[in-house]
Amino acid sequence: MEILTTQVAIIGAGPAGLLLGQLLYKAGIEHIIIEQRSADYVSSRIRAGILEQVSVDLLKQAGVDQHLKEKGLPHSGIEILTNGQKHRVDLSALTGGKQVTVYGQTEVTKDLMAARETAQLRSFYEAKNVQVKDFYGTPKVHFEYQGQVLQINCDFIAGCDGYHGVCRASVPEDQIKTFEKVYPFGWLGILADVPPVADELIYVQSERGFALCSMRSETRSRYYLQVPLTDRVEDWSDDRFWEELKCRLDPESREHLVTGASIEKSIAPLRSFVTEPMRFGKLFLAGDAAHIVPPTGAKGLNLAASDIAYLSTALIQYYVEGSDQGINEYSEKCLQRVWKAERFSWWMTHLLHRFETETEFEHKIKQAELSYILGSTAGKTTLAENYVGLPYEIKTIPEPCA
Ligand SMILES: Cc1cc2nc3c(=O)[nH]c(=O)nc-3n(C[C@H](O)[C@H](O)[C@H](O)COP(=O)(O)OP(=O)(O)OC[C@H]3O[C@@H](n4cnc5c(N)ncnc54)[C@H](O)[C@@H]3O)c2cc1C
């Protein structure tokens, strides 16, 4: 068995793992990434697309914002369509100039992978049978790579391996508590090379269910429909998708909608999930490994980024300043922000989706709540503040090493 040594072993090359790797590299901290999928698979996954300002700032600090600056689309508002009428929420005006940026998770991943390749940092893709061990003592990672068994001895393990990963599953049951809510519907998403129906995102609350008109660029659109969990992708031809979307839109949007062949189509179930704590000895969980939000609030990728801001800062404090304060505070600081994003994502989901179990009374109350929110500056400010992302303090990352 070959034995390697590093300071931090990162499990998972999603946005959380790659961003942590880049920030540690910039601070001169050694690390290795171990990923079970191929690099091609990781760089072509279609997922989130909205970045909070704080995530954009973090990517800038990590030195991977060149394409983001060129191709990202800053958005200062969103539309909410209810009862056939669109209401604009002016995010910038309500939050003192903040905005969000439309830039696909796929692009973020590609930018981070390219930076990693340029810096010739160590990654093992297509690693098999990954195991994390002894994280309450002297941490080790075991895995198989190209038919060989490898062991990494390290100071810390960063569990950035998503919801189905091995890190959370390796924590003894009596050391972990989980909180979960599963929603009785999913999102059918379609990606198509057609211009977006409008300049800003449209969140649709309709009697036929929720829909979202989103985008990845000025020529690529991402649309979603609320569908029953029993539906399968094969049930939804492109034509059926566009027809149903039109039924949920207002006449003006329907008229402007450009349809076309899908280049990706998938159904994602909706779930709220939180793990407490997020640190177990020398093992840290970050991103989807520790929490899941329904995508309605556009928070999944952004929460992964804020965890990494806290974790990279904690590790830099440990190695550069010899302080374990950040490490000790990691879980608590992350969870404070995580729960607020969980609340917002749950609230948006609850407000905008049609629940089959909802009584007529509950439906009326929900309509009244939405009408109140959209008719009140205080209501819209609450929505806008959460949508653009709650602030958090991040330490300035040192300049790149040579
Ligand atoms: C289908 C889908 C659609 C989504 N759409 C949206 C959206 O529209 N808006 C939004 O805000 N959020 C969305 N999300 C959520 C968002 O994409 C995630 O929050 C984000 O990817 C979290 O990043 P991460 O790095 O923590 O986890 P991931 O991106 O899941 O990365 C984890 C990585 O770990 C690897 N891994 C897993 N197990 C192991 C193992 N045993 N050993 C080694 N590696 C392992 C995985 O292959 C993966 O590369 C979506 C998520 C999914 C699954």
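Worth knowing before you read on, the calculation uses all heavy atoms, side chains too, and leaves out hydrogens, waters and symmetry mates. Whatever order the structure lists them in is the order used to number ligands and atoms, beginning at 1. Bear in mind the structure is a predicted one, so any value in this text is a computation, not a measurement.
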Worksheet item: Taking heavy atoms and a distance under 4.0 Å, where does A289 meet ligand 1: side chain, backbone, both or neither?
Response: neither
Practice prompt. Return the residue, atom name and 0.1 Å-rounded distance of the protein heavy atom closest to atom 8 (O) of ligand 1.
Written response: Y224 OH, 3.1 Å
Worksheet entry | Heavy-atom donor-acceptor pair, R116 side chain to L18 backbone, under 3.5 Å | no
Discussion item. Looking only at side-chain N and O atoms, does H75 offer a donor or acceptor that is under 3.5 Å from a partner on Q99?
Written reply: no
Worksheet, complete the sentence: Going by the 4.0 angstrom heavy-atom rule, the piece of K299 near ligand 1 is backbone
Worksheet item: When you measure from atom 30 (O) of ligand 1 to every protein heavy atom, which one gives the shortest distance, and what is it?
Response: R47 NH1, 3.0 Å
Practice prompt. Report yes or no: does a heavy atom of Y163 sit under 4.0 Å from some atom of ligand 1?
Written response: no
Fill in: K299 to Y387 six-membered ring, cation-pi geometry met (6.0 Å, 45°)
yes
Worksheet item: Which of the atoms of ligand 1 are close to V166, meaning less than 4.0 Å from one of its heavy atoms?
Response: 41 (N)
Worksheet, complete the sentence: closest protein heavy atom to atom 42 (N) of ligand 1 is V130 CG2, 3.5 Å
Fill in: R222 (side chain) donor-acceptor with G104 (main chain) under 3.5 angstrom
no
Worksheet item: Have Y183 and S272 got a donor and an acceptor in their side chains that come within less than 3.5 Å?
Response: yes
Practice prompt. Provide, to 0.1 Å, the distance between atom 18 (C) of ligand 1 and the closest protein heavy atom, together with that atom's residue and name.
Written response: D288 OD2, 3.2 Å
Worksheet entry | Heavy atom of A127, distance to ligand 1 below 4.0 Å | no
Worksheet item: Which residue and non-hydrogen atom of the protein lie closest to atom 31 (O) of ligand 1, and at what distance in Å?
Response: G14 CA, 3.4 Å
Worksheet, complete the sentence: Contact region, Y125 to ligand 1, non-hydrogen atoms below 4.0 Å, reads neither
Worksheet item: Among all protein non-hydrogen atoms, which one is nearest to atom 16 (C) of ligand 1, and what is the separation to 0.1 Å?
Response: Q105 OE1, 3.5 Å
Fill in: Subset of ligand 1 atoms that lie under 4.0 Å from at least one heavy atom of G287
26 (O)
Worksheet item: Counting only N and O atoms by type, is there a donor-acceptor contact under 3.5 Å from the side chain of H350 to the main-chain atoms of W346?
Response: no
Practice prompt. Determine, step by step, whether F135 and F280 satisfy the ring pair (Phe, Tyr, Trp, His ring centres under 6.0 Å) criterion, reporting the C-alpha distance in whole Å, the side-chain angles of both residues, the deciding distance to 0.1 Å, and the verdict.
Written response: CA-CA 7 Å; F135 42 83; F280 309 88; 7.3 Å; no
Fill in: E117: side-chain contact (heavy atoms from CB on, under 4.5 Å) partners, not counting sequence neighbours
none
Worksheet item: Of all the atoms in ligand 1, which lie at a distance below 4.0 Å from a heavy atom belonging to G12?
Response: 33 (C), 34 (O), 35 (C), 44 (N)
Item to complete: Select one of side chain, backbone, both or neither to describe which atoms of I11 lie under 4.0 Å from any atom of ligand 1, heavy atoms only.
Response: side chain
Worksheet item: When only distance counts, is A16 in polar contact with ligand 1, meaning an N/O pair under 3.5 Å?
Response: yes
Fill in: Contact check: V42 vs ligand 1, nitrogen or oxygen atoms, below 3.5 angstrom
no
Worksheet item: Can you list the atoms of ligand 1 that are under 4.0 Å from a heavy atom of G300?
Response: 11 (O), 19 (O)
Worksheet item: Side chains of Q61 and D57: do they bring a donor and an acceptor to under 3.5 Å?
Response: no
Worksheet item: Have E358 and H353 got a donor and an acceptor in their side chains that come within less than 3.5 Å?
Response: no
Worksheet item: When the ring planes of W347 and F344 are compared, do they come out parallel, tilted or perpendicular, using 30° and 60° as the limits?
Response: tilted
Practice prompt. Pull out every atom of ligand 1 sitting under 4.0 Å from any heavy atom of C160, numbered as shown with elements.
Written response: 32 (C), 33 (C), 34 (O)
Fill in: Pair Y224-F210, ring pair (Phe, Tyr, Trp, His ring centres under 6.0 Å): steps then yes or no
CA-CA 8 Å; Y224 295 100; F210 171 81; 8.2 Å; no
Worksheet item: Which residue holds the protein heavy atom closest to atom 7 (C) of ligand 1, what is that atom called, and what is the gap in Å?
Response: A48 CA, 3.4 Å
Worksheet item: Is the Y392 to Y310 ring centre distance short of 6.0 Å?
Response: yes
Worksheet item: Among protein heavy atoms, which sits nearest to atom 40 (C) of ligand 1, and what does the distance come to when rounded to 0.1 Å?
Response: Q36 OE1, 3.6 Å
Worksheet, complete the sentence: Of R168, K128, E35, R37, the residue with the heavy atom nearest atom 46 (C) of ligand 1 is E35
Worksheet item: Given that the side chain starts at C-beta and the backbone is N, CA, C, O, which of these parts of D161 lies under 4.0 Å from ligand 1, counting heavy atoms, or is it both or neither?
Response: both
Worksheet item: Backbone N or O of D250 within a donor-acceptor pair of the K86 side chain at under 3.5 Å?
Response: no
Item to complete: Identify the heavy atoms of A9 and I34 that sit nearest to each other, and give their distance.
Response: CB-CD1, 4.3 Å
Worksheet item: Going by atom types alone, do D155 and Y319 pair a side-chain donor with an acceptor below 3.5 Å?
Response: yes
Item to complete: May I ask whether R45 places a heavy atom under 4.0 Å from ligand 1?
Response: yes
Worksheet item: What atoms of ligand 1 come closer than 4.0 angstrom to any heavy atom of G162?
Response: 27 (O), 30 (O), 32 (C)
Fill in: Numbered atoms of ligand 1 (with element) below 4.0 Å of A298, judged on heavy atoms
11 (O)
Worksheet item: Which of the atoms in ligand 1, numbered in the order shown and given with their element, are less than 4.0 Å from a heavy-atom of I34?
Response: 43 (C), 44 (N)
